[in-house]
Asks: 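Can you keep this structure in mind? I'll have questions shortly.
Computed from a predicted structure; not experimentally measured. Numbers here are sequence positions counted from 1.
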Amino acid sequence: MSTTNMANSSNYWEDLRKQARQLENELDLKLVSFSKLCTSYSSSSSKDQRTRDSRSDSVGSSQDNMLVAMTTELEQLLANLSAVNDKMAEYTNTPGVVSHNAALMHTLQRHRDILQDYTHEFHKTKSNFFSLREREDLLGSVHRDIESYKSSTGVNNRRTELFLKEHEHLRNSDSLIDNAISIAMATKENITFQRGMLKSIQTRVTTLANRFPTINSLIQKINLRKRRDSLILGGVIGICTILLLLYTFH
């Protein structure tokens, strides 16, 4: 291999190492931010459980959007770093670099170990985050079901209360009707009793009149005299009225 080719090859290797270190540094910062964001998500979930339960979609909040965006960004950075490592592995197999192969393989292995550590840390944090979010969504669903059950129970209790009040009103109405019927029956019995007493008195008077003809005759005479006196009194009043009218017009 010529000196120029070796220099170009060396520069290519250094460029790959610079890209790898840049991606590793960026991944390190992103993973720290990602871990902090997941931790803050967990803290806010425990402190504000009711607010978490009331959301309709976990991706709807700004914090969830940041987590999803950061997850996508980290996956892209890991893919880029993996691609750089693959290029470095291809370079170690290039003819002409056999003399430096041991040092290159050591460097490549170190970058692969870093990639593996970052990948493992990312997947662990991501798994914990999604497990937490699934748990929060499940708790939120359970809480909404409980609230829905309480709400429906409250409505059912109100309906039951209204039915009980209506039933009580019907019972009161039935009681009033029963009292009115009882009063009417008592009044009817009282009137029937009075009618019987009057009929009994009339029967006794008739029996006495039939038993004592003299008394019956005396009663008839009294009635006749009363009728005669009434006629005489009426005639006198009529004559006086006529005389008064004649005197008035003359």
Asks: Going through the distances and angles, do Gln19 and Asp15 end up as a side-chain hydrogen bond (donor to acceptor under 3.5 Å, both in side chains)?
Replies: CA-CA 6 Å; Gln19 293 179 22; Asp15 289 339; over 6 Å; no

Asks: For Leu224 and Arg228, what are the C-alpha separation, side-chain angles and deciding distance, and is it a side chain to side chain contact (heavy atoms under 4.5 Å, CB included)?
Replies: CA-CA 6 Å; Leu224 288 174; Arg228 185 188 63 185; over 6 Å; no

Asks: With rounding to the nearest 0.5 Å, note down the distance linking CD in Gln194 to CD in Glu189.
Replies: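 Between Gln194 CD and Glu189 CD, I get 12.5 Å after rounding to 0.5 Å.
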
Asks: Kindly indicate, with the supporting measurements, whether the criterion side chain to side chain contact (heavy atoms under 4.5 Å, CB included) is fulfilled by Met88 and Asn85.
Replies: CA-CA 5 Å; Met88 293 173 71; Asn85 285 344; 4.0 Å; yes

Asks: Can you confirm whether Glu75 is buried at CD, in the sense that more than 12 heavy atoms of other residues, nucleotides or ligands lie under 6.0 Å from that atom?
Replies: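 It does: Glu75 CD has more than 12 such atoms within range.
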
Asks: So Gln109 and Met105, side chain to side chain contact (heavy atoms under 4.5 Å, CB included) or not? Walk me through it.
Replies: CA-CA 6 Å; Gln109 185 60 40; Met105 290 299 296; 5.9 Å; no

Asks: Group every Ile, Leu, Val, Met, Phe, Trp and Tyr by side-chain heavy-atom contacts under 4.5 Å, then state whether Ile114 and Val32 land in the same group.
Replies: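 Shared cluster, no.
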
Asks: Give the minimum heavy-atom separation between Phe34 and Lys126, together with the two atoms involved.
Replies: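 So the minimum-distance heavy-atom pair works out to CE2-N, 3.8 Å.
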
Asks: Report yes or no: does Ser35 contribute a side-chain atom to a donor-acceptor pair with the main-chain N or O of Leu31 at less than 3.5 Å?
Replies: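 It does not hold such a pair.
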
Asks: Any donor and acceptor pair, going by atom type alone, linking the side chain of Ser200 with main-chain N or O of Gly196 inside 3.5 Å?
Replies: no

Asks: To the nearest 0.5 Å, tell me how far Leu115 CG sits from Leu108 CG.
Replies: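 That separation rounds to 10.5 Å.
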
Asks: Considering only NZ, NE, NH1 and NH2 on the basic side and carboxylate oxygens on the acidic side, decide whether Glu161 and Lys165 come within less than 4.0 Å.
Replies: yes

Asks: To the nearest 0.5 Å, what is the distance between CG on Leu104 and CG on Leu16?
Replies: 10.5 Å

Asks: CZ/Arg225 to NZ/Lys221 distance, rounded to the nearest 0.5 angstrom?
Replies: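 Separation between the atoms: 9.0 Å.
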
Asks: If you measure from NZ on Lys226 to OG on Ser230, what distance do you get to the nearest 0.5 Å?
Replies: 7.5 Å

Asks: Say you draw a straight line from CD of Glu24 to CG of Leu77; how long is it, rounded to the nearest 0.5 Å?
Replies: 11.5 Å

Asks: When you measure from the side chain of Asn190 to the backbone of Ala186, do you find a donor-acceptor pair of N or O atoms at a distance under 3.5 Å?
Replies: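 No; zero donor-acceptor contacts below 3.5 Å.
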
Asks: Apply side chain to side chain contact (heavy atoms under 4.5 Å, CB included) to the pair Thr187 and Ile183, showing each step before the final yes or no.
Replies: CA-CA 6 Å; Thr187 303; Ile183 293 172; 4.1 Å; yes

Asks: Just by modelled atom types, is the Lys188 backbone N or O under 3.5 Å from a matching donor or acceptor in the Thr192 side chain?
Replies: yes

Asks: Of all heavy-atom pairs between Met70 and Ser33, which one has the smallest distance, and what is that distance?
Replies: SD-C, 3.9 Å

Asks: If the test is side-chain contact (heavy atoms from CB on, under 4.5 Å), which one of Asn179, Asn172, Ile177 qualifies with Ser175?
Replies: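 Output: one option passes, namely Asn179.
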
Asks: Would you mind reporting whether Lys87 and Tyr12 have side-chain heavy atoms less than 4.5 Å apart?
Replies: yes

